[in-house]
Amino acid sequence: MIDITFPDGTVRQYENGTTPMAIAKSISEGLAKKILVCKVNDQIWDLQRSIYSSASLQLFSWEDKEGKATYWHSSAHLMAEALEAIYPGVKFGIGPALDQGFYYDVDLRGNTLQNEDLVKLEKKMLELASRNNEYKRQEISKEDALLYFTEKGDEYKVELINELEDGTITLYSQGNFIDLCRGPHIPNTGYIKAIKLTSIAGAYWRGDQSRQQLTRIYGISFPKQKDLDDYLLMLEEAKKRDHRKLGKELEIFTFDDDVGPGMPLWLPNGGVLIEQLERLAKKTEFDAGYHRVRSPHVAKESMYLKSGHLPYYQDSMFPPMEIDGQKFYLKAMNCPHHHKIFDAVPRSYKDLPLRLAEYGTCYRYEQSGELFGLMRVRSLQMNDAHIYCTREQFGDEFRAVNEMYLKYFNIFGIDKYVMRFSTHDPAKLGQKYIDDAILWKETEDMVRNVLIESNIPYVEVPDEAAFYGPKIDVQIWSAIGREFTLATNQVDFAQGKRFDLKFTTPTNDTQQPLIIHRAPLGTHERFIGFLIEHYAGNFPTWLAPVQATLLPISDKHLDYAKKLLQEFKKSEIRCTIDDRSEKIGKKIRDAELKKIPYMLIIGDKEQESNALSVRKKGSGDSGSVPASDVIASIKAESDAIFN
RNA sequence: GCCGAUGUAGCUCAGUUGGCCAGAGCUACUGAUUUGUAAUCAGUGGGUCGGGGGUUCGAAUCCCUCCAUCGGCUCCA
């Protein structure tokens, strides 16, 4: 007999060699039906695999992320089986589970897949699933595994096996399909009830651009058709928030063939968003003691040689233009310019911390395949600033920057994000990283402490720091689930040296400042792209391109409406008037579609009493209000953020 | 940059196997209507069918090429 310890601490005795599935059945049939996979002594484990010694046991169902991951991984195997059935001789790369679904990389040996083929593949998968074939675990020697896959002619698997440690290797099979796999898997294919293969894409073998490109097939599967339907519905809803779609509909930005890829044109509505964001940033930065500076869009090669950017980032910059025998580059970052501004006059410790801010315009040559709406562009404007400070001031400055981030997140109601804290690898000092072990330790500790003190959830990513210091990136997701860095906050103790920046200390020595790069609002492009999706186009009043629209019931009320429009404009409210001779229902519908926060209806009643009938977007008619009150309240609502 | 797909009016889309002046709805404009909380009616305008080249008596439709976009990969200071 062996002892099995459950997560709640209870211990029960079972026969030696029992399986997790048998244990589950002994507890209840319902539980046994629900579970997909388990953990035995912290090792993820198949339900039918025997246990030969006392152990702890944790069971996972579809509700757990371990359950879902296993389910999708097994689905990937099922897809591979279907592929092999339809296209004999295909070779397989890897087929893991994702956060949402799974994929398999395959070498179709010259065959191409069309979307129609995916439907065929789905059908085949469902057919194979309905056979309830068991996922069977099998341990074999490395030699036998190599022999099997070499005979099968699957060089990808052979490559993978060669990299595994010597000893036993596990294979999993279901039906006629055998795959190299660590496992575990769900009990049988019958658990997979609903399948949707979502897309086909190219993917380099092992993510290496120089190697064979395989076909990656993405899919997702569910235990119930209803779950799949819900998922597809959710995707449809997400698409409606897509900033590329809303940006066009709401006339915020556009791209034009003649202007060039990745270079957005901001329409007047987008212009308002930019103005408002800058207004917020400038106010916030003024209050925090920043100075505004300005720098040109072009700079000489020598500066980027000095900054050290050129050797590393030339590929990401537009090629140089030559004038008077000199090379000039479009600027891809603002830091060197700001360093030059720091260096323009002699600095004393009394000037520090010196905070230089600029909504700087940059140009980056992003690869053509990487462009993505407003989220990844070639011309961009950054909410940039550089803080020059002493080591003693660093902690306070970094903390203040962090508080600014949180203030913004609060204003915009941003709660779905992850802070990535990137640190260095001490083994790579002097190679990938500036060789100053003490400063690395000091600054990383300080950054970590600030995060902990502020109670901010974060993930620490070793060996991802910039060459000049640790950094924090704020990761967000677009409506279609792609991940982006929204904002960045970086410590820099290298550029000061490269530019020979210095300040005079109280004891009349010279010292080098530490530098903080920070961009809490990222770039206008990415931030507005994000905001469009975040608000689904329903901007708060202070941001809304058009804050209110006057809707006269009939032409009789036009003159009064026009008079009111002037009043709104005097109060700097962005207001329009719908002077078409349409019915009020139509005017309201159009205003709703334009997502204007306030619809102000004017009929006889309102005209007589100098009032407006207020209809707030989304909440319907809220009755007649004196016109001056409406103006005052909209004004107050849109200014509150700046006070 | 790589793999795959797509490109028809301002927007969303139809256009059968190549064949009369390329269509619809919405938008815009004009007129009628004068309307009370999500679509009044009628008329009109609007297209180098992404660009270029080719095959053909004839191309939106077939072929080549370039451009752009979309889904991924790679990259991301």
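A, B, ... follow the sequence lines: proteins, then strands. Residue 1 opens every chain.
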Report all interatomic pairs (protein N or O, nucleotide N or O of nucleotides 75-77 of chain B) with separations under 3.5 Å.
residue: B/C75; atom: O2; partner: A/Arg376; partner atom: NH2; Å: 3.3
residue: B/C75; atom: N3; partner: A/Glu370; partner atom: OE1; Å: 3.3
residue: B/C76; atom: O2; partner: A/Arg376; partner atom: NH1; Å: 3.1
residue: B/C76; atom: O2; partner: A/Arg376; partner atom: NH2; Å: 3.0
residue: B/A77; atom: O3'; partner: A/Gln490; partner atom: NE2; Å: 3.2
residue: B/A77; atom: N6; partner: A/Ser316; partner atom: O; Å: 3.3
residue: B/A77; atom: N6; partner: A/Ser316; partner atom: OG; Å: 3.1

Nearest whole Å is fine: how far is [N] [atom2] from [X] [atom1]?
X	N	atom1	atom2	value
A/Lys248	B/C26	NZ	P	20 Å
A/Asp105	B/G71	CG	P	19 Å
A/Glu592	B/C26	CD	P	21 Å
A/Gln213	B/C73	CD	P	11 Å

Sequence neighbours excluded and cut-off under 3.5 Å, please list the side-chain donor-acceptor pairs for residues 251-268 of chain A, or say none.
residue: A/Asp256; atom: OD1; partner: A/Asp258; partner atom: N; Å: 2.7

ring-ring contact (aromatic ring centres under 6.0 Å, His included) partners of [X], counting only residues at least two apart:
X	value
A/Tyr204	none
A/His524	A/Tyr359
A/Phe318	none
A/Phe92	A/Tyr104, A/Phe177

Mark up nucleotides 45-53 of chain B, 5' to 3', with B wherever a protein heavy atom is under 4.0 angstrom from a base atom, S wherever such an atom reaches only the sugar-phosphate, and - elsewhere. ---------

Just checking A/Phe342 against A/Phe499, ring centres under 6.0 Å apart?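 No: the rings miss the under 6.0 Å criterion.
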
In RNA chain B, stems of three or more consecutive pairs, Watson-Crick or G-U, each with both distances under 3.5 Å, turn out to be B:1-7 with B:67-73, B:10-13 with B:23-26, B:28-32 with B:40-44, B:50-54 with B:62-66

Heavy atom of residues 602-610 of chain A under 4.0 Å from RNA chain B: which residues?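 Going residue by residue through residues 602-610 of chain A, the ones with a heavy atom under 4.0 Å of RNA chain B turn out to be A/Gly603, A/Asp604, A/Lys605, A/Glu606.
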
For residues 606-614 of chain A, which side-chain N or O atoms pair as donor and acceptor with protein atoms under 3.5 Å away, sequence neighbours left out?
residue: A/Glu606; atom: OE1; partner: A/Gly603; partner atom: N; Å: 2.8
residue: A/Ser609; atom: OG; partner: A/Lys605; partner atom: O; Å: 2.9
residue: A/Asn610; atom: OD1; partner: A/Tyr560; partner atom: OH; Å: 3.1

Check nucleotides 27-29 of chain B for protein N or O atoms closer than 3.5 Å to its own N or O atoms and list the pairs.
residue: B/U27; atom: OP1; partner: A/Lys586; partner atom: NZ; Å: 2.6

Salt bridge (Lys or Arg N to Asp or Glu O under 4.0 Å) against A/Glu122, all qualifying residues, sequence neighbours excluded: none

